[in-house]
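Keep in mind that the numbers below use all heavy atoms, side chains included, and drop hydrogens, waters and symmetry copies.
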Amino acid sequence: MNPIWHIARKELSDGLRNRWLLAISVLFALLAVGIAWFGAAASGQLGFTSIPATIASLASLATFLMPLIALLLAYDAIVGEDEGGTLMLLLTYPLGRGQILLGKFLGHGLILALATLIGFGGAMLAIAVLVKDIQLGLLLWAFGRFMLSSTLLGWVFLALAYVLSSKAGEKSTAAGLALGVWFLFVLVFDLALLALLVLSEGRLSPELLPWLLLLNPTDVYRLINLSGFEGGGSAMGVLSLGNDLPLPGAALWLCLLLWAGASLLLAYRVFKRRSV
């Protein structure tokens, strides 16, 4: 375990030196506070509205930001080491490729987890202090599950970034592939699913359609954060299919974990085949 921790500590140190932790934490804190107090400005209201509305709005925006941040953080994790000549040096030590990958995942994962805790946790404290008659139990539960699910979503895209970084021959190629993955899961997938619904004209089995949401980790993430609240059944667009998904909330969490585990395993297989 020591070699893995040494690599993780090095990645964490690099993240601190490059101000990744500070930048992500500040971004998340500003995002959460802004949504909490100005999220209902379009309807002519200012100030805190409700915990479910705040979490739903934060989850919608985090769906765009968290995958992008994770991909930017790790897209050059392997190919960057290779271009810099340090990957060959690392492999001369008694280190397996799996240990290198796990160490990087642990380091980057800690950066995301700490930034999520500091940023959104600070906003949660601000809400607890500044909003009168707030339900502290509900606030802690809602923000706790939101922060945990956001971290898991980030870990999924960290692992996907390692797949791309292990496959690409240059950092520029890895960056382009990372942007493509972000577009696919965050923007294109739901549009393609809606197009499939329209073009099928009822020929697809209604029982099959909700299960297709599980093929996209960002949809699983949004379903997790929409469930458990009074407004959870008012999902719009393609997410309304989730109302017919015969799965308990725990199964959605398991699905997100499986996405992270399967992506990390795929990254290891690709990295193992990479020639240096």
Side-chain angles (χ1 to χ4, degrees), residues 28 31 35 39 52-72 74 109 112 116 120 142-161 163-164 177-200 204-267:
F28 285 167
L31 174 69
I35 286 293
T54 300
I55 293 297
S57 298
L58 281 175
S60 295
L61 284 178
T63 300
F64 290 88
L65 283 179
M66 185 62 80
L68 184 61
I69 288 170
L71 289 167
L72 288 175
L112 278 182
T116 302
F120 290 128
F143 265 85
R145 74 199 300 271
F146 167 68
M147 289 189 287
L148 181 57
S149 61
S150 298
T151 301
L152 282 177
L153 180 66
W155 288 355
V156 170
F157 281 89
L158 278 180
L160 290 173
V163 175
L164 305 177
L177 290 172
L179 188 60
V181 165
W182 183 81
F183 269 106
L184 173 64
F185 285 114
V186 176
L187 298 177
V188 176
F189 184 91
D190 285 357
L191 291 175
L193 192 53
L194 284 172
L196 180 63
L197 285 173
V198 173
L199 294 175
S200 67
L204 281 177
S205 170
E207 289 80 13
L208 172 65
L209 292 175
W211 294 96
L212 296 179
L213 293 175
L214 301 183
L215 299 178
N216 186 353
T218 62
D219 283 337
V220 177
Y221 166 76
R222 283 188 287 180
L223 287 173
I224 287 173
N225 285 287
L226 285 174
S227 63
F229 295 115
E230 291 179 4
S234 60
M236 302 286 290
V238 73
L239 281 184
S240 61
L241 292 172
N243 297 330
D244 300 322
L245 198 60
L247 286 177
L252 294 173
W253 286 91
L254 178 61
C255 183
L256 208 52
L257 281 170
L258 287 174
W259 258 104
S263 301
L264 194 58
L265 181 60
L266 178 60

Problem - Results of side-chain contact (heavy atoms from CB on, under 4.5 Å) for A192 - residues two or more places apart only - result: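 None.
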I'd like a table of donor-acceptor pairs (distance under 3.5 Å, sequence neighbours excluded) in which one partner is a side-chain atom from residues 147-156, with atom names and distances.
| from | atom 1 | to | atom 2 | distance (Å) |
| --- | --- | --- | --- | --- |
| S149 | OG | R145 | O | 2.9 |
| S149 | OG | F146 | O | 3.0 |
| S149 | OG | N225 | OD1 | 3.4 |
| S149 | OG | N225 | ND2 | 3.1 |
| S150 | OG | F146 | O | 2.8 |
| S150 | OG | Y221 | OH | 2.8 |
| T151 | OG1 | M147 | O | 2.9 |
| W155 | NE1 | G109 | O | 3.3 |

Sub-4.5 Å side-chain heavy-atom contact between [X] and [Y]:
X    : Y    : result
L187 : W182 : yes
L72  : F157 : no
T116 : M66  : yes
F185 : V181 : yes
L194 : D190 : no

To the nearest 0.5 Å, what is the distance between [atom1] on [X] and [atom2] on [Y]?
X    : Y    : atom1 : atom2 : value
L164 : L71  : CG    : CG    : 7.0 Å
L193 : N216 : CG    : CG    : 9.0 Å
L61  : I35  : CG    : CD1   : 4.5 Å
D219 : T63  : CG    : OG1   : 8.5 Å

Mind listing the side-chain donor-acceptor pairs of residues 255-265 below 3.5 Å, one per line with the distance, residues two or more places apart or on another chain?
| from | atom 1 | to | atom 2 | distance (Å) |
| --- | --- | --- | --- | --- |
| W259 | NE1 | L214 | O | 3.0 |
| S263 | OG | W259 | O | 2.7 |

Handout entry: Considering all heavy atoms, the nearest A74-L158 contact
Key =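 So the two residues come closest at CB-CD2, 3.6 Å.
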Problem - Taking every non-hydrogen atom, the tightest pair across V220 and L213 - result: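 Smallest interatomic distance, heavy atoms only, reads CG2-O, 4.0 Å.
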